[in-house]
Amino acid sequence: MRMGRLPTIASGLALALAAAAPASRADEPFPALGLRFAVAEVGGGQVVDGSWLTAQVAWANRIFEPAGVSFEQARVSGLDASHARLETRADRHALGAELSDDVINVFVVESLRDVDDPSRYRMGVHWRPRGHPGKHLVIVARHAVPTVLAHELGHFFGNHRHSDTPGNIMSYDRGEVPPFFDAVQIRRIRAHARRFLRTGELRPADEI
């Protein structure tokens with residue numbers, strides 16, 4: 001993922017928001033959704049600190065804002081060191097036993113190997129753990145840049161394919177503007193948010 005450094009929010013942001021403008025922004029925003037962070041513990045401490053989590057959530061909220069979707073930290077808990085370095089698919093699937101209900105489960109780990117190309121490491125992934133039908137989760141590695149959570153949440157909210165448009169948050173090409181979702185992606189995000197709340201898969205953060 002080549003997400004680059006934090007951009008300044010100026011004319012580039014106007015361009016990004018303009019790309020999202022065709023979406024149904026007249027719709028009311030959804031209630032904030034809860035993020036449960038499970039942070040791997042290595043050597044007596046967690047692999048990231050609170051400021052790292054805050055930056056990831058802030059970027060996710062900024063990028064999802066045109067969709068009327070926002071996130072809050074519902075809780076932060078430790079994750080056993082046995083899950084700190086995810087090397088295989090089985091390692092990822094094992095996180096299914098650590099899931100909490102009603103929230104978006106985000107696991108923050110020391111390292112995340114690419115299971116399709118073991119010579120590489122990933123910054124993040126959206127994953128469906130085997131043996132837990134209908135459940136899905138997000139994994140973010142500690143070396144991830146601050147926009148990675150937003151990218152993986154884009155997958156969580158139904159944008160499974162990567163984009164070819166530079167600057168789109170679902171693209172690997174960072175581009176010259178702040179990351180954004182396009183109108184089609186925003187409609188998909190809103191549809192998934194409605195379904196998550198209707199079915200009870202997610203609840204508003206203030207109800208958790």
Side-chain angles (χ1 to χ4, degrees), residues 1-21 23 25 28-40 46-79 100 102-109 112 122-126 137-159 163 166-172 174-182 185-186 189-190 192-193 196-197 202-208:
M1 241 184 185
R2 295 182 293 141
M3 290 295 181
R5 62 183 178 84
L6 295 177
T8 56
I9 305 304
S11 59
L13 181 58
L15 291 173
L17 295 180
R25 195 63 189 94
E28 287 296 318
F30 295 96
L33 301 173
L35 298 169
R36 176 259 183 160
F37 286 101
V39 183
Q46 296 185 340
V47 296
V48 300
D49 60 17
S51 63
W52 188 98
L53 298 176
T54 297
Q56 292 281 343
V57 176
W59 269 105
N61 281 333
R62 186 175 298 166
I63 296 167
F64 273 78
E65 192 277 336
V69 172
S70 62
F71 308 98
E72 291 182 5
Q73 293 185 43
R75 54 186 176 271
V76 180
S77 60
L79 181 66
S100 295
D102 307 327
V103 292
I104 300 168
N105 288 272
V106 182
F107 295 90
V108 184
V109 299
L112 176 62
R122 303 287 299 271
M123 288 197 234
V125 69
H126 170 243
L137 54 90
V138 168
I139 307 169
V140 183
R142 69 171 183 84
H143 66 276
V145 298
T147 51
V148 169
L149 177 61
H151 175 96
E152 301 307 337
L153 289 173
H155 289 310
F156 191 99
F157 281 80
N159 290 293
S163 172
N168 189 291
I169 188 62
M170 304 312 296
S171 172
Y172 288 131
R174 178 63 190 83
E176 300 298 325
V177 298
F180 63 92
F181 288 109
D182 64 32
Q185 292 167 332
I186 285 175
I189 289 167
R190 290 190 63 84
H192 277 72
F196 292 151
L197 289 166
L202 300 178
R203 285 196 297 156
D206 62 5
E207 296 180 7
I208 296 171

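Just so you know, these numbers use all the heavy atoms, side chains as well, and skip hydrogens, waters and symmetry mates.
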* Can you tell me how far CG of N159 sits from NE2 of H192, rounded to the nearest 0.5 angstrom? -> 8.0 Å

* **Pairwise side-chain contact, L197 with L33, heavy-atom cut-off 4.5 Å (strictly under)** => yes

* side chain to side chain contact (heavy atoms under 4.5 Å, CB included) between R75 and I208, intermediate numbers included -> CA-CA 9 Å; R75 54 186 176 271; I208 296 171; 3.4 Å; yes

* To do: Start with the C-alpha gap between V69 and L153, add the side-chain angles, then the distance that decides, and say whether side chain to side chain contact (heavy atoms under 4.5 Å, CB included) holds.
  => CA-CA 11 Å; V69 172; L153 289 173; over 6 Å; no

* Asked: Hey, does E176 have a side-chain heavy atom less than 4.5 Å from the side chain of P166?
  -> no

* To do: Flag the pair E207 / P31 as yes when at least one side-chain heavy-atom distance between them is below 4.5 Å, and no otherwise.
  => no

* Ring centers of F181, F157 separated by less than 6.0 Å -> no

* Ignoring hydrogens and geometry, is there a side-chain-to-backbone donor-acceptor pair from H126 to E152 under 3.5 Å? -> no

* **Any donor-acceptor pair under 3.5 Å from N61 side chain to S70 backbone** => no

* Parallel, tilted or perpendicular for F71 and F64, by the 30°/60° rule? -> perpendicular

* Asked: How far does CG of L137 sit from OG of S100, to the nearest 0.5 angstrom?
  -> 11.0 Å

* To do: Quick one: which residue pairs count as a salt bridge (Lys or Arg N to Asp or Glu O under 4.0 Å) with a foot in residues 141-150, not counting sequence neighbours?
  => E110-R142

* What's the spacing between I104 CD1 and F156 CZ if we round to 0.5 Å? -> 5.0 Å

* To do: Could you give me the CA-CA distance, side-chain angles and deciding distance for V103 and N105, then say whether side chain to side chain contact (heavy atoms under 4.5 Å, CB included) is met?
  => CA-CA 6 Å; V103 292; N105 288 272; 4.1 Å; yes

* Calculate, to the nearest 0.5 Å, the distance between atoms CD1 and CD1 belonging to I63 and I169 respectively. => 4.0 Å

* Compare all side-chain heavy atoms of V47 with those of V109 and state whether any distance is below 4.5 angstrom. => no

* Going through the checks in order, is the side chain to side chain contact (heavy atoms under 4.5 Å, CB included) test met by R190 and F30? -> CA-CA 9 Å; R190 290 190 63 84; F30 295 96; 3.4 Å; yes

* Mark yes or no for whether R174, through its side chain, and V177, through its backbone, hold a donor-acceptor pair below 3.5 Å. => yes

* Asked: Do the non-hydrogen side-chain atoms of F180 and M170 ever get within less than 4.5 Å of each other?
  -> no

* **Backbone of L149 reached by a side-chain donor or acceptor of Q56 within 3.5 Å** => yes

